[in-house]
K.L.:
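This structure is in structure tokens; I'll ask about it shortly.
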Amino acid sequence: MKYKQIEDKIILKAEDSFEIEQILECGQCFRFHKLAQNDYVIVAKGKVLRILQTKEEIILYPTSAEEFENLWSSYFDLDKDYDIIKRHLAEKDIHLARAVQFAPGIRILRQEPWECLISFIISQNKQIPHIKQVVENISRMFGKYICTFEGYDYYTFPTIEQLAMANEQELRNCKAGFRAPYIMDACQKVKNKEVELEKLANMPYEEAKKELLKIKGVGPKIADCVLLFGIGHEEAFPVDVWVKRVMEYFYFNRDTSPNEIQAFAKEYFGNLAGIAQQYLFYYARQLRLGK
DNA sequence: GCCCAGGCACTCA
DNA sequence: TGAGTGCCTGGG
């Protein structure tokens with residue numbers, strides 16, 4: 001992707017397939033802070049980055065050309081042509097066409113697997129503001145201080161080793177609740193290589209999913225989220241309550257099991273299932289479809 | 001005060 | 001194999 005650099009700013013030309021608000025607020029990531037409309041700070045890959053989007057430009061700072069090319073370009077999945085994907089999906093049916101048109105600026109972030117795993121373990125039975133809060137508490141308690149920016153202190157998400165030091169009470173103090181033992185189990189299994197996150201990308205989707213399911217507190221939905229948002233398996237189709245609602249609303253017209261929904265998605269969306277899911281999820285949640 | 005939220009584990013048929 | 005229930009916690 002073309003960009004220009006001015007001092008510590010990287011400037012991209014605004015485009016249809018990049019809306020920072022839609023990217024961050026579509027429920028795939030939790031470490032962002034809204035300063036104003038289209039003005040966000042994110043923490044990822046141990047860095048703090050501000051993203052300011054105007055009509056003409058997307059401004060990222062502080063960063064450098066080198067860091068942009070090595071980190072942020074892949075994080076924002078900038079090499080993928082979302083226009084083609086959206087065209088394919090919109091041709092499927094009118095529902096998908098509307099969902100894509102509703103939020104054409106969504107992109108699937110390529111997040112770090114470890115952070116993704118723990119974040120989605122935390123996500124169960126929680127609403128997004130709570131999830132953000134617990135992830136923030138854990139980062140503050142076990143991560144490393146990065147900087148203070150616009151009056152907020154920012155911390156890295158803890159490494160496996162850092163988080164493995166945590167005991168159950170400390171995790172409960174971070175408001176993890178009944179998920180505290182799950183987090184500890186994830187730390188143990190990843191640390192002792194019972195589950196090797198770095199190998200999941202090169203495994204077939206089904207096999208990679210089986211690996212993640214070994215971790216306590218990780219069921220089909222969370223495994224699929226990790227595979228889609230952290231590993232890059234785009235055929236993963238996480239079925240949460242909103243996706244269940246919207247799929248029933250559009251395609252089934254009856255109560256349908258997550259298994260059946262997933263089988264349908266695999267057949268119908270193919271290897272774009274995960275991306276389709278994200279447009280549908282955002283559409284459903286914003287409009288509260290099926291509720 | 002009660003209910004529920006971007007699920008999962010556990011139990012029991 | 002599938003349905004039913006409890007779970008930390010905070011907000012409506």
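Chain A is the first sequence line, chain B the second, and so forth, proteins listed ahead of strands; every chain is numbered from 1. The figures here come from the full heavy-atom set of this structure, side chains too, leaving out hydrogens, waters and symmetry mates.
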K.L.:
Find which nucleotide of DNA chain B each of H130(A) and I222(A) is nearest to by heavy atoms, and output the residue with the more 5' nucleotide.
P.N.:
H130(A)
K.L.:
Might you point out which heavy atoms bring A223(A) and L213(A) nearest each other, and give the distance in Å?
P.N.:
CB-CD2, 4.0 Å
K.L.:
Quickly work out the L212(A) CG to dG7(B) P distance and round it to whole Å.
P.N.:
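After rounding, the reported distance stands at 18 Å.
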K.L.:
Could you tell me whether V218(A) contacts a base, only the sugar-phosphate backbone, or nothing, with contacts defined as non-hydrogen atoms closer than 4.0 Å?
P.N.:
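The residue V218(A) makes sugar-phosphate contact but no base contact.
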K.L.:
How close or far is atom P of dG7(B) from atom CH2 of W242(A), stated in whole angstroms?
P.N.:
11 Å
K.L.:
Whole angstrom is fine here: how far is it from CZ in F178(A) over to P in dG10(C)?
P.N.:
13 Å
K.L.:
Round to a whole Å and report the spacing from CZ of R288(A) to C1' of dA5(B).
P.N.:
10 Å
K.L.:
Only Watson-Crick and G-U wobble pairs with both distances less than 3.5 Å should count. Give DNA chain C in dot-bracket notation, marking inter-strand partners with |.
P.N.:
|||||||.||||
K.L.:
Looking only at atom P, what distance separates dG6(B) and dG2(C), rounded to whole Å?
P.N.:
26 Å
K.L.:
So if I take every side-chain heavy atom of N125(A) and compare against dC8(C), dG6(B), dC8(B), which nucleotide ends up nearest?
P.N.:
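Within the option list, the nearest is dC8(C).
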K.L.:
Does a nitrogen or oxygen in the side chain of K175(A) sit under 4.0 Å from OP1 or OP2 of dG10(C)?
P.N.:
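Yes, such a contact exists.
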K.L.:
Would you mind classifying the nucleic acid contact of I131(A) as base, sugar-phosphate or nothing, using non-hydrogen atoms under 4.0 angstrom?
P.N.:
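Answer is nothing: I131(A) stays at 4.0 Å or more from every strand.
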K.L.:
So which heavy atom on M141(A) is nearest to which on C174(A), and how close?
P.N.:
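Nearest pair, atom of M141(A) first, then C174(A): CE-SG, 3.7 Å.
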K.L.:
Taking the inter-plane angle between the rings of F76(A) and W72(A) on a 0 to 90° scale, is it parallel (under 30°), tilted (30 to 60°) or perpendicular (over 60°)?
P.N.:
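Ring orientation, 0 to 90° scale: tilted.
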K.L.:
Which whole-number value in Å describes the distance from R245(A) CZ to dG7(B) P?
P.N.:
9 Å
K.L.:
Take the protein atom CD1 of I183(A) and the nucleotide atom C1' of dC8(C), then report the distance between them rounded to whole Å.
P.N.:
11 Å
K.L.:
Kindly indicate whether the side chain of R179(A) and the base of dC8(C) share any N or O donor-acceptor pair separated by less than 3.5 Å?
P.N.:
yes
K.L.:
For dC8(B) and dG11(C), measure between their C1' atoms and round to the nearest Å.
P.N.:
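The answer is 23 Å between these two C1' atoms.
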K.L.:
May I have the distance from K209(A) (atom NZ) to dG7(B) (atom C1'), rounded to whole angstrom?
P.N.:
13 Å
K.L.:
Pick the P atom in dG10(C) and in dA9(B), then give their distance to the nearest Å.
P.N.:
23 Å
K.L.:
Return no unless some side-chain N or O of K216(A) is found under 4.0 Å from OP1 or OP2 of dC10(B).
P.N.:
yes
K.L.:
Classify the ring geometry between F269(A) and Y251(A) as parallel (under 30°), tilted (30 to 60°) or perpendicular (over 60°).
P.N.:
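Perpendicular.
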K.L.:
Within the structure shown, what part of the strands sits under 4.0 Å from P220(A) by heavy-atom distance: base, sugar-phosphate, or nothing?
P.N.:
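Sugar-phosphate contact only - P220(A) comes under 4.0 Å of backbone atoms but never of a base.
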K.L.:
Could you state the atom-to-atom distance from CD of Q169(A) to P of dT9(C) in whole Å?
P.N.:
9 Å
K.L.:
Tell me which nucleotide among dC8(C), dA5(B), dC8(B) gets nearest to the side chain of K221(A).
P.N.:
dC8(B)
K.L.:
Does NZ or CZ of K45(A) fall inside the cone over Y75(A)'s six-membered ring, less than 6.0 Å from its centre and within 45° of the axis?
P.N.:
no
K.L.:
Locate the shortest heavy-atom distance separating P158(A) from W114(A); write the atom from each residue and the value.
P.N.:
O-NE1, 3.0 Å
K.L.:
In the single-linkage hydrophobic clustering (I, L, V, M, F, W, Y; side-chain heavy atoms under 4.5 Å), do I59(A) and Y3(A) co-cluster?
P.N.:
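No, because I59(A) and Y3(A) fall into different hydrophobic clusters, even though each may have its own neighbours under 4.5 Å.
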K.L.:
Within 45 degrees of the ring normal and closer than 6.0 Å to the centroid, is that where the cationic atom of K9(A) sits relative to Y61(A)?
P.N.:
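Checked: cation-pi criterion met.
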